[in-house]
Number of protein chains: 2
Amino acid sequence: MAKGTSKSGEITINDIAKELNIAASTVSRALNNSTKISEATKQKVRKVAEELGYEINLVASSLSKNKTNLIGVVIPNINSQFFAHALSGIQEEAKAAGYNVIISQTNESYEQEVEVMKVMNSARVDGLIVSLTMETKSTDHFNALVRKSVPIVMFDRVNFSVPGPKIVVDNYEASFKATQHLIGNGCKRIAHLAGNLSCKVFEDRAEGFKEALNKNILPLLPQFLLACDLNEKDTREAMKLWMSLDERPDGIVVASASSGLMIASIARSYGVTIPGDLAIISLGNERCNELMIPSISAVDMPGSEMGKAAAINLIETIKTGHIEDRIILKPIQLLMRNSTFKMA
Amino acid sequence: MAKGTSKSGEITINDIAKELNIAASTVSRALNNSTKISEATKQKVRKVAEELGYEINLVASSLSKNKTNLIGVVIPNINSQFFAHALSGIQEEAKAAGYNVIISQTNESYEQEVEVMKVMNSARVDGLIVSLTMETKSTDHFNALVRKSVPIVMFDRVNFSVPGPKIVVDNYEASFKATQHLIGNGCKRIAHLAGNLSCKVFEDRAEGFKEALNKNILPLLPQFLLACDLNEKDTREAMKLWMSLDERPDGIVVASASSGLMIASIARSYGVTIPGDLAIISLGNERCNELMIPSISAVDMPGSEMGKAAAINLIETIKTGHIEDRIILKPIQLLMRNSTFKMA
DNA sequence: TAAACCAATGCAAACGCTTGCACAAAATAA
DNA sequence: TTATTTTGTGCAAGCGTTTGCATTGGTTTA
């Protein structure tokens, strides 16, 4: 039946055209449900397409339409629960809107982020969803995309010098509330394990922490505010320092979920009881937090929600072609669990 | 300077060609470092390309070469730690080899898996990495790809009726060892919370469990082998049943990490102490397992390793064009933790 | 010095789809 | 009936690269 198949062995619209003795353009229009084609022809075309097992070649279509239906996602890593949820949310929304998702992780490396931008550029993505590395200061590597008016949506780790929608949470508020919660539960010597302060997210969290202490006329001891990369090594060192003090902290606000869990675990190895001797709350929530004993209080950052919002806003921007600098603030949630109830 | 830019506003090799008064084909060959082009010309071309900010259009290149440098990844979901690690491993290897990764989740739905295959087909991926849904029985939806000799590598949830490399662990062994470990620690009434038994992975795990009991002349009570979807609801129901028995199990082998964590948490709500009253070991390890108190024993399934192996094997298959039915067995690791030491 | 060869480049077709424009036939208006 | 519009299709160019096959001028061989 199918005789005129292409060189590559794929069925093309030409095969369908030949089979029906009509023009390829008619087939194309029929498959795209153009109003200019009669219902009868559409039926015939669809039937033959089905029979031959035709599947559109999106590469050719993309080239011709100058539109790939591809969304690029660039995140620091896939392994963190927050980003995995975000990615999942993005993918769901993209799929629903007929977009494919092409993904690359930067491993928190600025250099890799720069490289990835070139790849996304070459792939001619219709739009980009990005969460920056902790290292990223300059955004020059976005210029090529920006100049071409490729929509870029940033979430969580954003930078306002790149135009486009931003999906964020109020990190200042999150940290403020978390600290306030510790204070409300009787903590007097509260420490904060911060991330890289040159990254806005962590700067805001540190600020919220400081402000809460300030509002409550509690002292901020310099050694009680430690900035680090929040990996296991740094976390361990911070705890070592704090545990070596005569006046140990009686409460810690941790800037990431994973570090928070580590701290709970490390604390035990120092014979410290939670929450009795030490209350812990983390900025960022993982499923673990609720399963641990004691369960670990946290401020939940809605990863999936943020991912979905990013995708929805990106797709809208792609469709309207209108790049807006709107900021979408996603609500956070204080999850009070056993690690912070000294009275319990 | 750049005057002859294309309709789409992008810099093309034609722009470079015009600038240098040479043919586009020469530019193409120069940029691809063909031996037929003089070093002098290559230099000039590279210089102008750089100046104009040229980035190759992979869409056009793909169409022309009939090769997309795209790897499709199809997994049940991104949120599970195992699959997130696998995806991460895949992406790293793909990037290193110059491939892009396009990803779609099936949400454990066979129907969605079928749909996704069409998309991957249309996207003309050079190869596919797949982990099947629990529901998947037929593999007819792979036929279109198989017929076109598109390499397909399956990992973890595999089906041998689709040709190509398979990356797996020995689930029978994992479960056997886990059960054996419980028995070695004095458990007499061991239960198994299994997954969907029509899925080979879970069937093997159930078999390993049964065989271990058998080898040790321990009885297999019918109500002690429960198959379910391993979600929260099912896990809770299974525990409800077990906890209602006169003779409760004194050890449980759980077919997934997440269910294992849930069971530990649920057990406590029944006032059961771990490991005293009940030992728990899960097939699959998450970071949580080690942080919980007590820490939860597990058999580690190396997600990242499997993902990397999948990518490496896929890329090799793409390059050689030779689809082999090899099976790559990744080693598992029994992580003995506090949830299984009754004597401790 | 003519014949043969090689190195470097150009020409043009091809990849499979989309789309503006032209065109014929059919339907409507005058 | 003729003029005009509408409807459905076809033609062919174009998207940006790649690549087989000339072509050119220069170098080697006989």
Side-chain angles (χ1 to χ4, degrees), chain A residues 2 4-45 48-49 52-70 121-124 126 148, chain B residues 2 4-45 48-49 52-70 121-124 126 148:
Chain A
T5 52
S6 75
K7 280 264 173 60
S8 65
E10 307 271 0
I11 310 291
T12 72
I13 53 171
N14 294 303
D15 299 320
I16 301 178
K18 261 175 214 151
E19 188 77 17
L20 289 168
N21 257 307
I22 58 178
S25 52
T26 304
V27 175
S28 173
R29 281 188 256 254
L31 291 173
N32 288 307
N33 205 22
S34 156
T35 56
K36 322 222 76 179
I37 300 294
S38 71
E39 200 50 46
T41 307
K42 284 183 190 174
Q43 297 285 344
K44 280 190 288 183
V45 169
V48 174
L52 298 183
Y54 170 81
E55 293 285 350
I56 189 175
N57 183 332
L58 287 180
V59 179
S61 175
S62 295
L63 179 60
S64 147
K65 292 202 289 192
N66 195 30
K67 176 163 191 329
T68 54
N69 266 50
L70 221 50
N121 192 346
S122 284
R124 299 292 193 265
D126 285 345
K148 299 197 304 185
Chain B
T5 52
S6 74
K7 281 262 174 61
S8 64
E10 308 272 359
I11 310 290
T12 73
I13 53 172
N14 295 302
D15 299 320
I16 301 178
K18 260 175 217 151
E19 188 77 16
L20 289 168
N21 256 308
I22 59 179
S25 53
T26 303
V27 175
S28 173
R29 281 188 256 256
L31 291 173
N32 288 307
N33 204 22
S34 157
T35 57
K36 321 224 78 182
I37 300 294
S38 72
E39 200 50 46
T41 307
K42 284 184 191 173
Q43 298 285 345
K44 279 189 288 183
V45 169
V48 174
L52 299 184
Y54 170 81
E55 294 285 349
I56 188 175
N57 183 331
L58 288 180
V59 179
S61 175
S62 296
L63 179 62
S64 168
K65 292 204 289 192
N66 196 29
K67 175 163 192 329
T68 54
N69 265 50
L70 220 50
N121 192 346
S122 285
R124 297 296 192 264
D126 285 344
K148 299 197 303 183

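Quick note on labels: first sequence line is chain A, next is B, and so on, each numbered from 1.
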Give [X] one of three labels, base, sugar-phosphate or nothing, depending on what nucleic acid heavy atoms sit under 4.0 Å from its own.
X     : value
A/L58 : nothing
B/S62 : nothing
A/S25 : base

Using every non-hydrogen atom in the two residues, find where [X] and [Y] come nearest and quote the distance to one decimal.
X      : Y     : answer
A/K42  : A/N33 : NZ-OD1, 2.9 Å
A/V59  : A/N57 : N-OD1, 2.8 Å
B/V45  : B/V27 : CG1-CG1, 3.9 Å
B/A49  : B/L31 : CB-CD2, 4.2 Å
A/R124 : B/I11 : NH2-O, 4.5 Å
A/A24  : A/N14 : CB-OD1, 3.4 Å

To the nearest angstrom, how far is [X] atom [atom1] from [N] atom [atom2]?
X     : N      : atom1 : atom2 : value
B/K44 : C/dT9  : NZ    : C1'   : 11 Å
B/K67 : C/dG16 : NZ    : C1'   : 19 Å
A/N14 : D/dG10 : CG    : C1'   : 13 Å
A/L20 : D/dG8  : CG    : P     : 17 Å
A/K18 : D/dT9  : NZ    : P     : 20 Å
A/N66 : C/dT19 : CG    : P     : 11 Å
B/N57 : D/dG16 : CG    : P     : 7 Å
A/L63 : D/dC15 : CG    : P     : 9 Å

(Q) For B/I22 and B/K65, find the nucleotide of DNA chain C closest to each by heavy atoms; which residue's nucleotide sits nearer the 5' end? (A) B/I22
Q. From the list C/dC11, C/dC17, D/dT17, which nucleotide is the closest neighbour of the side chain of B/Y54?
A. D/dT17
Q: Consider the side chain of B/A60, meaning its heavy atoms from C-beta on, and name the nucleotide among D/dC11, C/dC17, D/dG16 that approaches it most closely.
A: D/dG16
Q) Where do B/K148 and B/N121 land on the side-chain contact (heavy atoms from CB on, under 4.5 Å) test, with the steps shown first? A) CA-CA 10 Å; B/K148 299 197 303 183; B/N121 192 346; 2.7 Å; yes
Q: Identify, residue by residue, the members of residues 28-37 of chain B with a heavy atom below 4.0 Å from DNA chain D, and return them in order of residue number, or none.
A: B/S28, B/R29, B/N32
Q) Taking the side chain from B/S122 and the backbone from A/I56, do they hold a donor-acceptor pair closer than 3.5 Å? A) yes
Q. Quick check: does any side chain N or O of A/S62 sit under 3.5 Å from a backbone N or O of A/L58, one acting as donor and the other as acceptor?
A. yes
Expected rows: protein N/O vs nucleotides 23-25 of chain C N/O, under 3.5 Å:
none

Q. Hey, is the side chain of A/T26 poking within less than 4.0 Å of OP1 or OP2 on D/dG8, counting only N and O atoms?
A. no
Q. Can you find a side chain N or O atom of A/S38 that sits less than 4.0 Å from OP1 or OP2 on D/dT9?
A. yes
Q) Looking at D/dT17, does its base get a donor-acceptor pair with the side chain of B/S64 below 3.5 Å? A) yes
**Q.** Range-with-range stems for DNA chain C, at least three Watson-Crick or G-U pairs under 3.5 Å
**A.** C:1-27 with D:4-30
